[in-house]
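Worksheet: one structure, shown below.
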Number of protein chains: 2
Amino acid sequence: MSDHEHSRCENCIIRQMNSFKALKKEELKQMADNKKTKTIKKGDIIFKEGERLGGVFCVRNGISKLSKMSDNGRDQIVKIATKGEVLGHRSVISSEATNLSAVALEDMEVCFIPKSHIEEPLQTNPVFTNAVLKHMAQELKFADDIIVNMAQKTVRQRLAEILLYLEENFGTDKEGYLYLQLSRADIADVVGTATELLIRTLTKLKKEGLVLTAGKRIQILDKKALLHIVEGL
Amino acid sequence: MSDHEHSRCENCIIRQMNSFKALKKEELKQMADNKKTKTIKKGDIIFKEGERLGGVFCVRNGISKLSKMSDNGRDQIVKIATKGEVLGHRSVISSEATNLSAVALEDMEVCFIPKSHIEEPLQTNPVFTNAVLKHMAQELKFADDIIVNMAQKTVRQRLAEILLYLEENFGTDKEGYLYLQLSRADIADVVGTATELLIRTLTKLKKEGLVLTAGKRIQILDKKALLHIVEGL
DNA sequence: CGCCATGTTGACCCAATTCAACGAGAGTGG
DNA sequence: CCACTCTCGTTGAATTGGGTCAACATGGCG
């Protein structure tokens, strides 16, 4: 493996984007010596709901979905995780099996970090622990928002919200289409509905001139109108 | 104020039930000297969404609901918090305004603890910080479950689940009725639906012989059947 | 070229919301 | 004590939203 300077955690830019920035030099060195960088192909499973993770996965590049299977057999996507995010920290912290599955939506590069290198700083480095704590507090707040959305909003509202989210967080290509090309099924799994209804709802937005589609690609035409949909009915 | 032995945090039984058990004697002493015990009447607001809390509320007695207002004007109850639970820790940790409102469902006794007495141990007492961290990890997992339920399950399934939850967590009186008597509107706000539909769904369960109602009181007759509803359709 | 996964549409049925009306208990003030 | 009102629970009926099954299109990809 070509372990050059960029694969040393100390120099990893990703570190600036998450709680790892609170780690000390020695801790990072330890981590760098034990981490395993993995290349993951689009569609590959990083981990599956119910597995016990021996560590966390730090996303170096690419985008993944975190989902949970419902009793009725449908997947619900709970989060889309990208560069800089750490997967599996929740289950390492509570030393339980994961409640979520992680699947790559694009080719990815992730670093697997054995849990001992997380657990130890959690005991000894309060700055790190507090950074993680703050991060989880944020996640909890987002989760509350999602609960309310799922419980109270229509598919149309949730779709509008996700389209805006995708543009906000992943941007567009030069032609103005959303950079992240989720399949209709994936979008449906985020929204929490059947793909047929998702498609119908999207088609309606298209007819109203708020979005534009070309194959699986989607472009937002009227951001304001979408925002308006998200809020009122 | 009758500050007897039971009002010293060091001796508070509640402490055994939450992260405060990880606090050291001196920290508890400090806390005891600065906390304010408050009596809160049924229906009273403990705090409102958007407020900046100067500390956390430790529930000594009674039951409260934590809810968030949706854009469409309906309240969504996100959690029911009871004896031993700490309210407002999330917003203190991330030093933001609360995203939730807390209202008493019964007469309550809560201790208000100024945030400094939380923040300081978070910096200096890793055992405490880790206890809080673990607790939040649990909450996050529950939140994921709720998201999936809201997104994928019917009102009937969610109602069945909540009835079982209420029995499991708050028990029944001697006649077998659920101890915690939520109003139909509150149950609807937990389930995430209109009270009319909630009532209709409950009535159906009654006709099927799975539950029994007397005024606002509810009794579970067939736990197994309810469990079956929760899982399959 | 043909295959398989994905996207799309129709039609039907059940789930859920909404508005409207009414009933039943719980104060409250005369 | 009664009448009044207020909140809460309950039911009806109309309408819309959403799920499901089946059929068909389409578009990469071997």
Side-chain angles (χ1 to χ4, degrees), chain A residues 41-43 65 70-76 103 105-106 149-160 177-178 180-208 211-219 229-230 232-233, chain B residues 41-43 65 70-76 103 105 148-161 177-178 181-208 211-219 229-230 232-233:
Chain A
K41 287 232 178 313
K42 176 175 178 171
K65 61 175 175 181
S70 166
D71 290 328
N72 68 16
R74 264 220 305 257
D75 242 14
Q76 176 66 38
V103 174
L105 293 172
E106 308 178 322
N149 285 345
M150 289 300 179
Q152 307 267 4
K153 294 193 174 171
T154 64
V155 167
R156 180 177 165 87
Q157 287 176 295
R158 270 139 53 194
L159 172 57
Y177 290 96
L178 294 179
L180 180 57
Q181 287 172 34
L182 292 176
S183 72
R184 303 288 134 118
D186 277 339
I187 301 179
D189 284 351
V190 179
V191 171
T193 188
T195 78
E196 295 97 322
L197 178 55
L198 185 279
I199 290 174
R200 272 185 257 266
T201 312
L202 188 57
T203 309
K204 207 183 286 178
L205 289 181
K206 193 168 144 187
K207 276 186 192 146
E208 297 169 26
V211 304
L212 188 155
T213 63
K216 69 182 311 192
R217 299 192 303 159
I218 301 176
Q219 178 165 5
I229 288 176
V230 171
L233 190 54
Chain B
K41 288 233 177 312
K42 175 174 178 171
K65 62 176 175 181
S70 166
D71 290 327
N72 68 17
R74 266 220 304 258
D75 241 15
Q76 175 67 38
V103 174
L105 293 172
V148 176
N149 285 346
M150 290 300 179
Q152 306 268 4
K153 294 193 175 171
T154 64
V155 167
R156 180 178 165 87
Q157 287 176 296
R158 271 140 52 195
L159 172 58
E161 188 155 35
Y177 289 95
L178 294 180
Q181 287 172 32
L182 293 176
S183 71
R184 303 288 133 119
D186 277 338
I187 302 180
D189 284 351
V190 179
V191 171
T193 188
T195 79
E196 294 98 321
L197 178 56
L198 186 277
I199 290 173
R200 272 185 256 265
T201 313
L202 189 57
T203 309
K204 207 183 287 180
L205 289 181
K206 193 168 145 188
K207 276 188 191 144
E208 297 170 24
V211 303
L212 189 155
T213 64
K216 68 183 309 190
R217 300 193 303 160
I218 302 176
Q219 178 165 7
I229 288 176
V230 172
L233 189 54

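Convention: sequence-line order gives letters A, B, ...; per-chain numbering from 1.
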Taking the minimum atom-to-atom distance to the side chain of [X], which one of [options] wins?
X: Thr203(B); options: dT9(C), dT11(D), dA16(C); value: dT11(D)
X: Val155(A); options: dT18(C), dG7(C), dG18(D); value: dG18(D)
X: Arg184(B); options: dT8(C), dG9(D), dA16(C); value: dG9(D)
X: Thr154(A); options: dT20(D), dG17(D), dA16(C); value: dG17(D)
X: Ile199(B); options: dG18(D), dT17(C), dG9(D); value: dG9(D)

Might you point out which heavy atoms bring [X] and [Y] nearest each other, and give the distance in Å?
X: Arg156(B); Y: Ile229(B); result: NH2-CD1, 3.4 Å
X: Asp71(B); Y: Val230(A); result: OD2-O, 3.9 Å
X: Val103(A); Y: Gly43(A); result: CG1-O, 3.7 Å

Do any N or O atoms of the protein come closer than 3.5 Å to N or O atoms of nucleotides 12-14 of chain D, and which pairs are they?
from, atom 1, to, atom 2, distance (Å)
dG12(D), N7, Arg200(B), NH1, 2.9
dG12(D), O6, Arg200(B), NH2, 2.9
dA13(D), N6, Arg200(B), NH2, 3.2

To the nearest Å, how far apart are [X] [atom1] and [N] [atom2]?
X: Gln157(B); N: dA16(C); atom1: CD; atom2: C1'; value: 14 Å
X: Leu182(B); N: dG9(D); atom1: CG; atom2: C1'; value: 15 Å
X: Gln152(B); N: dG18(D); atom1: CD; atom2: P; value: 14 Å
X: Met150(B); N: dA16(C); atom1: CE; atom2: C1'; value: 15 Å
X: Leu197(A); N: dG7(C); atom1: CG; atom2: P; value: 15 Å
X: Ile218(A); N: dT8(C); atom1: CD1; atom2: C1'; value: 14 Å
X: Arg158(A); N: dA16(C); atom1: CZ; atom2: P; value: 12 Å
X: Lys204(B); N: dA16(C); atom1: NZ; atom2: C1'; value: 11 Å

Please name all residues satisfying side-chain hydrogen bond (donor to acceptor under 3.5 Å, both in side chains) with Asn149(A), sequence neighbours left out, ordered by chain then number.
Lys153(A), Glu161(A)
Sequence neighbours excluded, which residues qualify as side-chain hydrogen bond (donor to acceptor under 3.5 Å, both in side chains) partners of Gln181(A)?
none
Assuming nearest nucleotide by heavy-atom distance, tell me which of Gly215(A) and Leu202(B) is located more 5' along DNA chain D.
Leu202(B)
Pairs flagged by salt bridge (charged side-chain N to carboxylate O under 4.0 Å, His left out) wherever residues 194-206 of chain B is involved - sequence neighbours left out
none
Under the salt bridge (charged side-chain N to carboxylate O under 4.0 Å, His left out) test, which residues partner Asp186(A), sequence neighbours left out?
Lys65(A)
Taking the nucleotide of DNA chain C with the nearest heavy atom to each, does Thr201(B) or Ser183(A) sit closer to the 5' end?
Ser183(A)
Rounded to the nearest 0.5 Å, what separation is found between the [atom1] atom of [X] and the [atom2] atom of [Y]?
X: Thr213(A); Y: Leu178(A); atom1: OG1; atom2: CG; value: 11.5 Å
X: Leu205(B); Y: Leu212(B); atom1: CG; atom2: CG; value: 12.0 Å
X: Thr201(B); Y: Ile187(B); atom1: OG1; atom2: CD1; value: 11.0 Å

Does [X] have any side chain to side chain contact (heavy atoms under 4.5 Å, CB included) partners at least two apart in sequence or in another chain, and if so, which?
X: Leu180(A); value: Ile63(A), Ile80(A), Glu106(A), Leu166(A), Phe170(A), Leu182(A)
X: Thr195(A); value: Ala185(A), Ala188(A)
X: Gln152(B); value: Ser70(A), Asn72(A), Arg74(A), Gln76(A), Val148(B)
X: Ile199(A); value: Arg184(A), Thr203(A)

Which angle, rounded to 10°, do you find between the first-five-pair axis and the last-five-pair axis of the helix from dC1(C)-dG30(D) to dG30(C)-dC1(D)?
30°
Establish, with yes or no, whether the OP1 or OP2 oxygen of dG7(C) is under 4.0 angstrom from a side-chain nitrogen or oxygen of Thr195(A).
no
Is the phosphate of dG18(D) approached by Arg74(A) (side-chain N or O, under 4.0 Å from OP1 or OP2)?
no
Expected rows: protein N/O vs nucleotides 28-30 of chain D N/O, under 3.5 Å:
none

Would you tabulate the pairs of protein nitrogen or oxygen atoms and nucleotide nitrogen or oxygen atoms of nucleotides 24-27 of chain C closer than 3.5 angstrom?
none

Taking atom NZ of Lys42(A) as the centre, does the number of heavy atoms from other residues, nucleotides or ligands within less than 6.0 Å exceed 12?
no
